[in-house]
Student: 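Before I ask anything, here is the structure I am working with.
Every number for a ligand or one of its atoms is a count from 1 in the order of the listing.
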Amino acid sequence: MGDRNWILLGAPGAGKGTQAQRLIDTYRLPQISTGDMLREAKRAGTALGKQAAGYMDRGALVPDELVIGLIAERLDQPDAQQGFILDGFPRTVPQAEALGQVLAERGRQLTRVVAIEVPEAVLVPRLTGRRSCPKCGAPYHVMFKPPVKEGLCDVDGTALVQRADDTEVTVRARLETYRNQTAPLIAYYRAKGLLREVDGQGELGAVFQRVQEALA
Ligand code: AP5
């Protein structure tokens with residue numbers, strides 16, 4: 001069996017994190033999300049978190065050199081040696097080139113890039129309605145997955161929170177950033193013969209089925 005060195009590509013709200021979670025359960029691979037890593041650094045108040053915060057809060061990308069260093073270190077961890085699911089990285093052509101180099105230096109290469117496609121009109125309500133439990137991390141959505149008691153986690157009753165960048169203004173800025181800086185990666189990976197595109201609309205299980213077929 002070959003390595004499973006995978007990238008999930010897609011606009012904010014396309015479902016990268018949701019599908020990565022299902023892939024972890026099925027394939028026992030680590031999800032490597034630069035968004036999660038940066039949010040954690042922000043929460044912990046590290047130097048990186050402080051540098052990243054301003055960019056994240058206005059829907060811009062954090063400078064390439066900050067995230068590339070983070071990824072190179074993460075890919076060297078023992079749990080990433082048989083494969084990985086990159087979610088939210090790379091996001092620019094220089095990041096993609098740096099990733100190719102980091103892998104090549106380690107005698108490794110990408111095996112598949114799956115682009116999850118969802119129209120912008122669907123992405124905005126997905127993101128502005130997203131909520132989560134700050135205590136246990138359980139995900140909710142005000143329309144698609146509401147908790148039993150409004151605003152409270154079904155598991156532990158904690159008040160749900162909204163991600164700082166999920167307000168409508170910032171969501172629109174993130175989508176524009178995606179169009180300008182990340183969408184070019186679709187052509188980049190298509191030219192390398194690594195890309196498979198899947199429709200990210202519809203029931204979660206149906207999308208997962210398509211993602212698995214694209215990875216096969
Ligand atoms: P990041 O955390 O990567 O955010 P993002 O790309 O904007 O993606 P999201 O996590 O919002 O969306 P997703 O595609 O994972 O969707 P999800 O599954 O949650 O990045 C945040 C910020 O960090 C960036 O703006 C940037 O500043 C910085 N950053 C991160 N990486 C960087 C990098 N490499 N370089 C520079 N800066 C970087 O789903 C969304 C919602 O939709 C959920 O509510 C979910 O339940 C729902 N949903 C999912 N699938 C479906 C479906 N099929 N039907 C209905 N609802 C669905």
Student: Could you go through the salt bridge (charged side-chain N to carboxylate O under 4.0 Å, His left out) check for Arg22 and Asp25 one step at a time?
Tutor: CA-CA 5 Å; Arg22 295 193 166 211; Asp25 294 342; over 6 Å; no
Student: Around atom OH of Tyr140, are there more than 12 heavy atoms from other residues, nucleotides or ligands closer than 6.0 Å?
Tutor: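 Yes, enclosed.
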Student: Can you find a heavy atom in the side chain of Leu23 that is under 4.5 Å from one in the side chain of Arg4?
Tutor: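 Answer no - side chains too far apart.
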Student: Is there a salt bridge (charged side-chain N to carboxylate O under 4.0 Å, His left out) between Glu197 and Arg190? Walk through the geometry before answering.
Tutor: CA-CA 10 Å; Glu197 290 160 284; Arg190 187 182 289 126; 3.2 Å; yes
Student: For ligand 1, what is the set of protein residues having any non-hydrogen atom at a distance below 4.0 Å?
Tutor: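 Within the 4.0 Å shell of ligand 1, which is judged on heavy atoms, sit Ala11, Pro12, Gly13, Ala14, Gly15, Lys16, Gly17, Thr18, Thr34, Gly35, Leu38, Arg39, Met56, Ala60, Leu61, Val62, Val67, Gly88, Phe89, Arg91, Gln95, Arg126, Leu127, Arg130, His141, Arg163, Asp165, Arg174, Gly200, Gly202, Leu204, Val207.
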Student: Determine whether Leu110 and Phe84 satisfy the following criterion, side-chain contact (heavy atoms from CB on, under 4.5 Å), listing intermediate values before the conclusion.
Tutor: CA-CA 10 Å; Leu110 287 172; Phe84 50 77; 4.2 Å; yes
Student: Can you list the steps and then say if Arg172 with Glu168 is a salt bridge (charged side-chain N to carboxylate O under 4.0 Å, His left out)?
Tutor: CA-CA 6 Å; Arg172 295 212 181 267; Glu168 176 142 6; 2.8 Å; yes
